[in-house]
Amino acid sequence: MSQYKPPQRTVAATVLTTAGFIEATFHISERGAVLQQLDAVKEFYTVTDASLAGVDTRVEFLALQRDSLIFFVPQEEQGEKLTSPVDPQ
């Protein structure tokens with residue numbers, strides 16, 4: 001029996017964690033803005049092609065604990081939806 005997996009997209013980012021800086025690709029839902037995905041209630045973020053500052057090797061897969069994330073700087077792509085639109089009211 002196959003398990004449902006919602007469509008995903010990737011966002012390259014530099015993040016500061018409790019272990020230091022990491023450059024990686026985050027896998028998030030196709031729906032919604034990046035900020036909404038980061039605010040989602042889940043324990044871990046799915047990360048690939050990760051490198052920790054000061055370490056020469058790259059890691060193919062990393063499960064990054066949500067509580068270890070201090071800040072997130074996406075490498076913005078043209079047309080990327082980073083935040084939700086603001087209601088002008």
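Throughout, residue positions are numbered sequentially from 1 according to the sequence presented.
Applying the side-chain hydrogen bond (donor to acceptor under 3.5 Å, both in side chains) definition to pairs two or more places apart or across chains, those involving residues 18-28 are His27-Thr48.
Counting only heavy atoms from C-beta outward, the side chains of Leu69 and Leu64 approach each other to under 4.5 Å. In this structure, the side chains of Phe21 and Phe71 come closer than 4.5 Å at one or more pairs of heavy atoms. A 4.5 Å side-chain heavy-atom check between Ile28 and Val34 finds at least one atom pair inside the cut-off.
Gln65 approaches Ser68 most closely through the heavy-atom pair O-OG, 2.7 Å. Heavy-atom minimum distance, Thr14 versus Gln75: OG1-NE2, 4.2 Å. The two residues Ala13 and Pro74 come nearest to each other via the heavy atoms CB-CA, 3.9 Å. Residues Ser29 and Arg9 share a closest heavy-atom pair of O-NE, 3.4 Å.
Not a single donor-acceptor pair under 3.5 Å links the side chain of Arg66 to the backbone N or O of Phe44. Under a 3.5 Å cut-off, the side chain of Glu43 and the backbone N or O of Asp67 do not form any donor-acceptor pair.
Hydrophobic clustering (side-chain heavy atoms under 4.5 Å, transitive across Ile, Leu, Val, Met, Phe, Trp, Tyr) keeps Leu16 apart from Leu38.
Note: Asp49 CG to Phe26 CZ = 12.0 Å, rounded to the nearest 0.5 Å.
For Leu52, the side-chain contact (heavy atoms from CB on, under 4.5 Å) partners two or more places apart in sequence, or in a different chain, are Ile22, Val55.
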- Task: Let me see the working for Phe72 and Val11 under side chain to side chain contact (heavy atoms under 4.5 Å, CB included), right down to the final yes or no.
- Result: CA-CA 11 Å; Phe72 179 96; Val11 176; 4.2 Å; yes

- Task: Please assess Leu62 against Tyr45 for the test side chain to side chain contact (heavy atoms under 4.5 Å, CB included), listing each intermediate value before the final yes or no.
- Result: CA-CA 8 Å; Leu62 176 72; Tyr45 299 114; over 6 Å; no

